[in-house]
Amino acid sequence: MKEITYSVPSDYLLEKEKILATQQEIAAQRQQELEAIREVSKIKWDKRLFDIFFSSLALICLLPLFAVIAILIKVGSKGPVFYYSYRVGTGYKIFKFWKFRSMRTDADQLLDSLKGQNQYANAVNNTTSVATSCAECDRIGNPCSPLLIDEKGTLMCENSYKEMKKQQVKPAFLKIKDDPRITKIGKFIRNTSIDELPQLYNVLTGDMSIVGNRPLPLYEAEKLTTDQFATRFNAPAGITGLWQVSKRGKGNMSEEERIALDNDYAQNHSLKRDLGILLRTIPALFQKESV
């Protein structure tokens with residue numbers, strides 16, 4: 001049987017090589033950007049010394065409280081005392097994030113069914129409907145661009161279509177008021193932030209700082225890769241921070257406000273400012289709303 005051979009056009013091979021080279025360049029550039037972010041976001045030595053001293057002392061002093069909370073969690077519901085999830089912190093570093101378990105053991109499986117109650121999603125859903133024509137259309141008395149059709153079959157100009165798509169973007173953050181997954185003891189330790197105390201171990205190991213921007217779950221962090229959002233990851237990941245003492249528990253806080261607070265801290269953090277935030281943290285622990 002005669003063997004059949006196929007020749008591949010040289011132009012195709014050259015184009016494929018160019019595409020591969022471009023992909024490698026993009027990957028290398030992305031890696032350099034991540035390394036630059038991690039270099040910028042290194043914790044300063046004075047802040048690190050404070051973190052080690054504070055977390056070590058706090059862990060020793062709080063051991064009796066840890067024992068009491070552990071007993072209450074075991075008595076209140078089945079499951080482990082501690083819970084960990086993977087979070088994204090300083091310079092997009094991924095680490096194990098420890099907490100006292102305050103939710104049912106099937107909390108992660110129930111998450112998808114509760115996303116409609118997200119505070120940030122509600123802020124998006126409450127926006128006014130988009131007009132089919134923009135200000136430019138009204139000014140000239142005609143469509144300013146070729147008309148487009150949305151999912152409902154409505155004709156609208158390009159500017160209105162872009163505005164509609166902007167409002168349909170899913171929020172990056174997730175916060176559910178009166179979360180039904182929370183146990184009875186869980187509600188108390190969350191409202192008083194006792195559930196966060198195991199993160200002192202994260203501070204001691206260097207994954208976090210006492211004060212900083214909250215480390216985010218992977219599904220939130222993957223949506224925050226643009227320059228507008230990436231700035232927040234230049235700051236240390238913290239147990240408490242500017243967002244907690246400024247807006248925590250306020251259901252009317254927008255996603256933009258939270259990002260602005262995170263970026264503000266990332267650009268202006270210092271040990272002096274950290275001490276001020278720590279002093280404001282104690283009143284913020286006893287918030288009125290369950291979040």
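Scope of the values below: all heavy atoms of this structure, side chains included, with no hydrogens, waters or symmetry mates. Throughout, numbering of the chain's residues begins at 1 and tracks the sequence.
One finds the CG atom of N268 at 5.5 Å from the CZ atom of R273 (value rounded to the nearest 0.5 Å). The structure places CG of L271 at 5.0 Å from CG of D46, a figure rounded to the nearest 0.5 Å. One finds the CD1 atom of I52 at 13.5 Å from the CG atom of L57 (value rounded to the nearest 0.5 Å). Rounding to the nearest 0.5 Å gives a distance of 11.0 Å between CG of D195 and CZ of F188. Atom CZ of R232 is separated from atom CG of N263 by 8.0 Å, given to the nearest 0.5 angstrom. How far CZ of F100 is from CD of Q199: 10.5 Å, rounded to the nearest 0.5 Å.
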Going through the distances and angles, do L216 and F233 end up as a side-chain contact (heavy atoms from CB on, under 4.5 Å)? CA-CA 10 Å; L216 300 180; F233 293 101; 4.0 Å; yes
side-chain contact (heavy atoms from CB on, under 4.5 Å) evaluation trace for L275 with F50: CA-CA 10 Å; L275 294 175; F50 174 78; 4.0 Å; yes
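At a threshold of 4.5 Å between non-hydrogen side-chain atoms, the residues I73 and F82 do not count as touching. With contacts defined as side-chain heavy-atom distances shorter than 4.5 Å, the pair D262/L242 does not qualify. Between Y265 and V211 there is a side-chain heavy-atom pair separated by less than 4.5 Å.
When every heavy atom of R214 is checked against every heavy atom of G238, the shortest pair comes out as NH1-O, 3.0 Å. Here the closest non-hydrogen pair linking T205 and R48 is C-NH2, 3.9 Å. Nearest approach of E196 to I239, heavy atoms of both residues: CB-CG2, 4.2 Å. Looking at every heavy atom in both residues, I277 comes nearest to V245 through O-CG1, 3.7 Å. Here the closest heavy-atom approach between residue P198 and residue K99 is recorded as CG-C, 3.8 Å. For S102 against I189, the heavy-atom pair with the smallest separation is CB-CD1, 4.0 Å.
In this structure, Y92 contributes its side chain and A221 its backbone to no donor-acceptor pair below 3.5 Å. No side-chain donor-acceptor contact under 3.5 Å links N213 to the backbone of A235. The backbone N or O of Q244 sits nowhere less than 3.5 Å from a side-chain atom of R280 that would complete a donor-acceptor pair. A distance-only check finds no donor-acceptor pair linking the side chain of T183 to the backbone of R104 [under 3.5 Å].
With no hydrogens or angles considered, a side-chain donor-acceptor pair links T281 and T240 at under 3.5 Å.
Residues passing the side-chain contact (heavy atoms from CB on, under 4.5 Å) test with S209 are I43, K47, D51, P236, sequence neighbours excluded. By the side-chain contact (heavy atoms from CB on, under 4.5 Å) test, F95 is found to be paired with R87, F97, N202, D207, M208, P215, residues two or more places apart in sequence or in another chain being considered.
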Going by atom type alone, with no hydrogens or angles, which donor-acceptor pairs under 3.5 Å involve a side-chain atom of residues 58-69 and a protein atom two or more places apart or on another chain?
none

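Residues L49 and V203 do not share a hydrophobic cluster, defined by chaining ILVMFWY side chains whose heavy atoms lie under 4.5 Å apart.
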